[in-house]
Amino acid sequence: MPTVFITGASRGIGLEFAKHYAGQGWQVIAAVRAPDTATALSSLSAGGNVSIERLDVTDDAAVDAVAAKLKGHAIELLINNAGIYGDRDAALSIGNFDTYRRVLATNIAAPMKVALSLLPNLKLADGAKILTISSRMGSIGLSGGGSYVYRSSKAGVNAAMHALALDLKPQGITAIVAHPGWVRTDMGGSGADISVQESVAGLTSVIARATLADSGKFFNYDGAELAW
Ligand SMILES: NC(=O)c1ccc[n+]([C@@H]2O[C@H](COP(=O)([O-])OP(=O)(O)OC[C@H]3O[C@@H](n4cnc5c(N)ncnc54)[C@H](OP(=O)(O)O)[C@@H]3O)[C@@H](O)[C@H]2O)c1
């Protein structure tokens, strides 16, 4: 039974990933900041193949502790899903630079830290994959103005994951980034285009189809390739 490690699995897209892979019989390691309040995930874990790890992805020591706990356990798929938007800043302003730094730590540094810390586990699997949930708002080619904080955080993680993909390719590990669509979650809001089910159905088929030849690419949830 393959193993998937999912960050930010308490709600939204991350929770739907956990439901999907649990339903497919995968061993799901669902990493969440606050297991006590992750009630939807707790009921899922009653099924047996879902284990919950307490993990704030910005806490380096906590990431190291989870990696140490999982030593020797192969991970076929890492999904870097946890992310934050920060303030909804107006054009030509950034309200709070402390928030800006927190968004960069969560959306860029944390997925890199998690990926590098779990690398020994990914190497144990045959043909492991890393999916990092980015956003088309991080695409410079597709970018509009405003939303500097979120856009730059997702552009940054795109660059970091692209470089990581090049370095991991010789080791047989596929790393891709993907835009999940504009999704009805706490972040996306109730007026967004698609449900978490539609988003995750698309993303999981992108993951399933991805080969080493796709490593370092940026995909939309429907499988189309996106401009950096
Ligand atoms: N929804 C959209 O339209 C959309 C569009 C493009 C990209 N995305 C991206 O998709 C991903 C998931 O977003 P979503 O829409 O599902 O958002 P969401 O409903 O706001 O959920 C965000 C998830 O990330 C977790 N998280 C945030 N900071 C964390 C931290 N420091 N450590 C661990 N977990 C943390 C949250 O945990 P808590 O419950 O503990 O807060 C929650 O599980 C994000 O990377 C987001 O940027 C979303």
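Order of listing sets the numbers, starting from 1, for every ligand and every atom in it.
Within the 4.5 Å cutoff, side-chain heavy atoms of W228 are placed close to those of V177. You'll find the side chain of I75 stays beyond 4.5 Å of the side chain of V4, heavy atoms only.
By the criterion of side-chain heavy atoms lying less than 4.5 angstrom apart, applied directly or through intervening Ile, Leu, Val, Met, Phe, Trp or Tyr residues, L77 is grouped together with F219 in one hydrophobic cluster.
Annotation: ligand 1 has protein neighbours G8, S10, R11, G12, I13, R33, L55, D56, V57, T58, N81, A82, G83, I84, T106, I133, S134, S135, Y150, K154, H179, P180, G181, W182, V183, T185, D186, M187, G188, each with a heavy atom less than 4.0 angstrom from the ligand.
Seen from the ring of F97, R101 does not count as a face-on cation partner, given the 6.0 Å and 45° thresholds.
Side-chain contact check for S147 and Y85: at least one donor-acceptor pair (N or O, by modelled atom type) lies under 3.5 Å.
Looking at Y21, F5, F17 one by one, the single match for ring pair (Phe, Tyr, Trp, His ring centres under 6.0 Å) with W26 turns out to be Y21.
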